[in-house]
Amino acid sequence: MSSSSDQDDAPDGGEDSPLFRRRVVGPSPGAGGVADVPVAQSLIKVASNVCFSLFVLAVLVVTVVAVTYQPPDPWLQSSAAITTSLSRVLPNSTFLVPDDSLLPTGEDFNSSAAVPPRARAEANQDDASAAVAAASAAAAADATCDPNAPLNCSDPRVLAAVKAFNAKAFFRKSIVFLSYEAPVAGPKPGQCDVAWRFRNRREKSWRRYRDYRRFSLTSGDGCALDIVKVGKFRSGTNAARHLKGPKNSRVVAPPVDAEINDTIPVVGSEAEFKKGKYLYYMRGGDHCKSMNQFIWSFLCGLGEAKFLNRTFVMDLDMCLSGAHTVDGKDVDGKDFRYYFDFEHLKESVSVVEEGDFLKDWKRWDKKKGPGRITVRKVPSYKVTPMQLKRDKSNIIWRQFVGQEPENYWYRVCEGRAAKVIQRPWYAIWKSKRLMNIVTEIAGRMDWDYDGLHVVRGWKAQNKQMYPNLDADTSPDAIVNKVTKLVKPMRNLYIATNEPFYNYFDKLRSHFHVHLLDDYKQLWSNTSEWYNETTVLSGGKPVPFDEYMRVIVDTEVFYRSKTQVETFNNLTRDCKDGINTCNL
Ligand SMILES: *[C@@H]1O[C@H](CO)[C@@H](O)[C@H](O)[C@H]1NC(C)=O
Ligand SMILES: *[C@@H]1O[C@H](CO)[C@@H](O)[C@H](O)[C@H]1NC(C)=O
Ligand SMILES: *[C@@H]1O[C@H](CO)[C@@H](O)[C@H](O)[C@H]1NC(C)=O
Ligand SMILES: *[C@@H]1O[C@H](CO)[C@@H](O)[C@H](O)[C@H]1NC(C)=O
Ligand SMILES: *[C@@H]1O[C@H](CO)[C@@H](O)[C@H](O)[C@H]1NC(C)=O
Ligand SMILES: *[C@@H]1O[C@H](CO)[C@@H](O)[C@H](O)[C@H]1NC(C)=O
Ligand SMILES: *[C@@H]1O[C@H](CO)[C@@H](O)[C@H](O)[C@H]1NC(C)=O
Ligand SMILES: *[C@@H]1O[C@H](CO)[C@@H](O)[C@H](O)[C@H]1NC(C)=O
């Protein structure tokens, strides 16, 4: 919907601005040649050269250490490290073979800047809440009560008992309990369903999720209530929010996660639109490239918009690269919100949606006179953000003309611009709809499971780059290795790109094996995810595609306790092919 031909009738730029005239003047190169110099001065020069060489050496050592150091834990990667490592693979402006690995996004970095104040307040209250729960349980025990009266879930002692239980329960170790809702009656006497919000300690983001479980209670000592049984993750369905919707409503709104609000922000009025300053990136060569390139490019645009203090005009329509599909064909018409958290994005940076923006622009532009909307057209990335800093036009329109790789968005952030543009990694989180599935899978195993990541696919077939991978990931080799690393009969979640479901059957006599496909009802046509994504697609079923699978698989693996990785633990082959281990 944003091809250049659609734009022909869009308003033309003001007086043709001299795009290349305003060149930024840098420091003059090659400072001063040396002619005849007195001896003392040359000595000083020699000494300073030696010092400089030592300095260079020191920098080199530090750099090499920094570059070779690859933290084993993906959660420890910083956005700076990602920026560095991606810049290294991009010297000739092409992404190499798209990796099967997922690029970390903002929620994977420990950046306290990204913590919303609301969440920060809740976090502080977390550890206090256990103490409060214990105290209120004790207070409840002091109250007068009739031990033979039937259990009423509204009784404050119920919530107190549940809080005290959760504060001690086994899943407490991974979970931070944030807030509770009032308990409701379960299906049988003596049962109450209780819902709460929580956060996972293994997640760096402050995103909150809901759980609701079924508790069976009996009278204990004095007036206290004892919990005799607790259900599994999301077993307390009477406390699930979507059952409490308006009963008489004629419009059957599909129950969606009430905490997701990714409506598209609208510009309210002509005056508001004209007051705004926009940065509009037209679709370039990045379209249909790998997701890693998309993120890298998109963050460049957001970074430039931030640098210019402008609102970024974004296209929610995406194309999933063939690198992430089963048949290798690109799939157009995907929605940004399938993969990323648009709500978090619009709270973090200033964005508007391209379709609305173009409509408003056409609608409110006076062709001439004081009402007109001024535009600066920028055909090439060679015009730097620094050159645009002082431009007062309403809209800066980057058009990305030219052939690949000249028309990639991320080129705007190369060279000197790399020093001034900061990519706002904190703005991009994975879709909460997908993370709800991750939470559900991890929750069903009570966050108490070990993880095994098995990379096969084309890498296992490429014997030149990966001489041992295929043998080292054969069923027998895996059994041999993993039984030494993981305790018997633990829950073992296997994240893998091996398509054959029964490939891991030999592990089943040693572990409780879990694979992504065991959870396919979580995205089937009766799932919450299905309901939520069809809302975005205007009613059309949304396929659970390969990229979504990779996100969910990887994120479930990240939440496991003992983690066994292909390239550290199963094989001595290097992740990026032969002899790349220490690059
Ligand atoms: C540059 O791109 C070519 C493919 O176009 C690739 O073979 C080569 O390895 C790349 N070089 C670097 C340093 O990335
Ligand atoms: C996250 O960062 C904060 C400070 O920004 C630090 O106190 C905390 O220990 C970090 N947490 C982890 C798990 O690295
Ligand atoms: C439970 O207690 C609440 C108030 O504490 C009361 O409104 C409600 O009727 C009681 N329910 C039953 C089943 O007794
Ligand atoms: C969703 O967010 C928008 C602002 O982006 C706000 O106007 C709207 O009221 C919110 N809707 C709900 C249901 O919270
Ligand atoms: C950024 O723009 C807003 C209005 O669009 C203005 O209020 C603010 O002062 C600007 N900030 C900077 C640093 O220029
Ligand atoms: C869900 O999919 C199954 C087959 O996969 C089909 O038989 C059924 O009609 C579908 N249900 C809905 C509500 O679309
Ligand atoms: C999905 O929506 C349908 C009707 O819109 C509803 O009957 C069904 O319960 C919903 N499924 C879930 C899991 O929320
Ligand atoms: C996997 O290998 C890494 C790096 O060698 C090591 O730190 C980790 O402990 C190993 N994992 C297991 C489960 O042994």
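What you are looking at is a predicted structure, and each value in this text was computed from that prediction instead of being measured. Whatever order the structure lists ligands and atoms in, that order sets their numbers, starting from 1. These numbers come from the heavy atoms of this one structure, side chains and all, not from hydrogens, waters or symmetry mates.
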Evaluate the 4.0 Å heavy atom contact test for atom 14 (O) of ligand 3: does a protein atom fall under the cut-off?
-> yes
Do Asn525 and ligand 6 have an N or O pair less than 3.5 Å apart?
-> yes
Give the atoms of ligand 8, by number and element, whose distance to some non-hydrogen atom of Leu485 is under 4.0 Å.
-> 14 (O)
Could you tell me whether atom 1 (C) of ligand 3 has at least one protein heavy atom nearer than 4.0 Å?
-> yes
Note: ligand 8 atoms sitting under 4.0 Å from heavy atoms of Gln563 are 11 (N), 13 (C)
Any protein heavy atom lying closer than 4.0 Å to atom 11 (N) of ligand 6?
-> yes
Closest approach of any protein heavy atom to atom 3 (C) of ligand 3, naming residue and atom | Asn152 ND2, 3.6 Å
Lys/Arg cation over aromatic Trp296: Arg423, 6.0 Å, 45° cone = yes
Would Trp196 and Tyr209 count as a close aromatic pair, with their ring centres under 6.0 Å?
-> no
Regarding Thr473 and Arg456, is there a side-chain donor-to-acceptor distance under 3.5 Å anywhere?
-> yes
Are Asp193 and Arg234 within salt-bridge range, i.e. N to O under 4.0 Å?
-> no
For Asp335 and Asp317, run side-chain contact (heavy atoms from CB on, under 4.5 Å): C-alpha distance rounded to whole Å, both residues' side-chain angles, the deciding distance at 0.1 Å, then the answer.
-> CA-CA 5 Å; Asp335 193 301; Asp317 263 353; 5.7 Å; no
Between the candidates Asn568, Asn569, Asp450, which shows the shortest non-hydrogen contact distance to atom 8 (C) of ligand 8?
-> Asn569
State whether the shortest distance between N or O atoms of Thr562 and N or O atoms of ligand 8 falls below 3.5 angstrom.
-> no
The closest protein heavy-atom partner of atom 5 (O) of ligand 3 is Ser154 CB, 4.3 Å
Distance, nearest 0.5 Å, that separates CG of Leu320 from CE of Met318 = 7.0 Å
Is it possible for you to check whether Lys575 lies under 6.0 Å from the centre of the six-membered ring of Tyr466, through NZ or CZ, and within 45° of that ring's axis?
-> no
